[in-house]
Amino acid sequence: MKSPLLSLPGAVPAEGVDEGVAAHYGDLFREQRALADGTGFVDLSHRGVVTVTGSDRLSWLHLLLTQHVSELPAGRATEALILSANGHIEHALYLVDDGETIWAHVEPGTQDALLAYLESMKFFYRVEVADGTDDYAVVHLPAGSIATVPEGVVVRETPHGRDLFLPRADLEAYAAGNGPAAGLLAYEALRVESHRPRLGFETDHRTIPHELGWIGAAVHLQKGCYRGQETVARVHNLGKPPRRLVFLHLDGSEVHLPPAGTPLHLASEGAEGRKLGFVTTSVRHHELGPIALALVKRNVPVDAELVAGDTAAAQEVVVEP
């Protein structure tokens, strides 16, 4: 779905899974600084929107999600995962309940599979699930923003900012009165800075929540059964995850960022050494320079000097080994 905001001056389209919105509007670092200062907005209208209504919506979702939502107060934001039977991450949902409806935004293109799964699990529960992507656009306001939210718009407020479920027909008018627009690259730079994982970027087909620090944030350890819970409990109580998320400071003298999938090796062994992990997201930050998130084997020493391809990389611990 192509955003009408791609017609704004300087807009450069994003690619890949984020196709349909702007990567930037001509000045990446200015856009980052604006978001860090609490001004502007980010067009996330390519993300999927799913709604759940009905009197059983909270108790029903509580059975399916990793998060405790059976008593979720209206207006309180949370996030949750859906796991496979083996505990691998399949979906990530960013939720809020407005008292009558649960609103969730999800990764672009994942809403169809999510809706199919939810529909298959309705049974006798009094719930209705719907795809709201055609009718609602997600707009992000950064932390500290004093931008006005139109009356009636559902808001999901977190420490990182507010996500608005804006009627798609109002997107252009809202953008005109609440600029400057910041592109997805600026949003992603701040995401990496704050060590927040993203489905499809920091995850692959075998990722479990423990590897990414999603225990607590998206996985509640004292709730009833859900698919994949046995793996979550076993790893939490009896073992350690095979991999862990790390934050990387990359060599700023390199012209090119190591792309996602770039293998990590010990600096002392170079590119011919053992593969210890791989880059998941790399960005240029307006203050920190080139930075990245990566997954490494759990037993990689926390003080080990690494190289991402040919780029020197110093790690910071995100998930304890």
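Everything quoted here is computed from the prediction, not taken from an experiment. Values below: all heavy atoms of this structure, side chains included; hydrogens, waters and symmetry mates excluded.
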OG1 of T203 to CD of E90: how many Å apart, nearest 0.5 Å? 10.5 Å
Can the ring centroids of H62 and H68 be said to lie less than 6.0 angstrom from one another? yes
Is the closest side-chain donor-acceptor distance between E193 and H285 under 3.5 Å? yes
Taking the side chain as every heavy atom from C-beta outward, state whether P290 and H249 have any atom pair closer than 4.5 Å. no
Where the side chain of D251 meets the backbone of S253, is there a donor-acceptor pair that is under 3.5 Å apart? yes
Would a distance-only check, ignoring hydrogens and angles, find a side-chain to backbone donor-acceptor pair under 3.5 Å from Q67 to L65? no
Could you pull out all donor-acceptor pairs under 3.5 Å where a side-chain atom in residues 2-18 meets a protein atom, sequence neighbours excluded?
unit_1: S3; atom_1: OG; unit_2: L5; atom_2: N; d: 3.0
unit_1: S3; atom_1: OG; unit_2: D43; atom_2: OD2; d: 2.5
unit_1: S7; atom_1: OG; unit_2: P4; atom_2: O; d: 2.7
unit_1: D18; atom_1: OD1; unit_2: H46; atom_2: NE2; d: 2.8
unit_1: D18; atom_1: OD1; unit_2: R198; atom_2: NH2; d: 2.6
unit_1: D18; atom_1: OD2; unit_2: R198; atom_2: NH1; d: 3.1

Would T39 and R33 count as a side chain to side chain donor-acceptor pair (under 3.5 Å) here? Give the steps. CA-CA 9 Å; T39 60; R33 286 191 291 268; over 6 Å; no
Short side-chain donor-acceptor distance under 3.5 Å, R47 and H105: yes
Between H140 and Y187, is the ring centroid distance below 6.0 Å? yes
Under 6.0 Å from the six-membered ring centre of F201 and within 45° of its axis: does the NZ or CZ of R191 meet both? yes
Provide the closest heavy-atom pair for L171 versus L166 in the form atom of the first, atom of the second, distance. CA-CD2, 3.8 Å
Please lay out, stage by stage, how R243 and D204 fare under the test side chain to side chain contact (heavy atoms under 4.5 Å, CB included). CA-CA 12 Å; R243 303 178 296 183; D204 57 23; 2.9 Å; yes
When you measure from the side chain of T133 to the backbone N and O of V49, does any donor-acceptor pair fall under 3.5 Å? yes
Donor-acceptor pairs under 3.5 Å, side chain of residues 255-265 to any protein atom, not counting sequence neighbours: which ones?
unit_1: T262; atom_1: OG1; unit_2: P259; atom_2: O; d: 2.6
unit_1: H265; atom_1: ND1; unit_2: G273; atom_2: O; d: 3.1
unit_1: H265; atom_1: ND1; unit_2: R274; atom_2: O; d: 3.0

Exactly one candidate in T78, D163, D97 meets side-chain hydrogen bond (donor to acceptor under 3.5 Å, both in side chains) with R156; the answer is D163
When you measure from the side chain of H210 to the backbone of V232, do you find a donor-acceptor pair of N or O atoms at a distance under 3.5 Å? yes
Could you tell me the separation between the CZ atom of R126 and the CG atom of D56, rounded to the nearest 0.5 Å? 4.0 Å
For Q315 and P301, indicate whether the former's side chain and the latter's backbone hold a donor-acceptor pair under 3.5 Å. yes
Please answer whether the main-chain N or O of A92 pairs with a side-chain N or O of E107 as donor and acceptor at a distance below 3.5 Å. no
Checking side-chain polar atoms at under 3.5 Å, does T53 have a donor or acceptor matched by the opposite partner on E128? no
Determine whether a donor-acceptor pair (N or O, by modelled atom type, separation under 3.5 Å) exists between the side chain of R57 and the backbone of G54. yes
Taking Q32 for its side chain and R284 for its backbone only, find out whether a donor-acceptor pair lies under 3.5 Å. yes
Within the side chain of E31, is there an N or O that forms a donor-acceptor pair under 3.5 Å with the backbone of D27? yes
Search all heavy atoms of F165 against all heavy atoms of Y136 and return the closest pair with its distance. O-CD2, 3.7 Å
With a 3.5 Å distance limit and no angle check, can you tell me whether D112 reaches the backbone of L115 through a side-chain donor-acceptor pair? no
Please check if any side-chain donor atom of T281 sits under 3.5 Å from a side-chain acceptor atom of E202, or the reverse. yes
Looking at W60 versus F123, is the centre-to-centre ring distance below 6.0 Å? no
Angle class for the F41/Y174 ring planes (parallel below 30°, perpendicular above 60°, tilted otherwise)? perpendicular
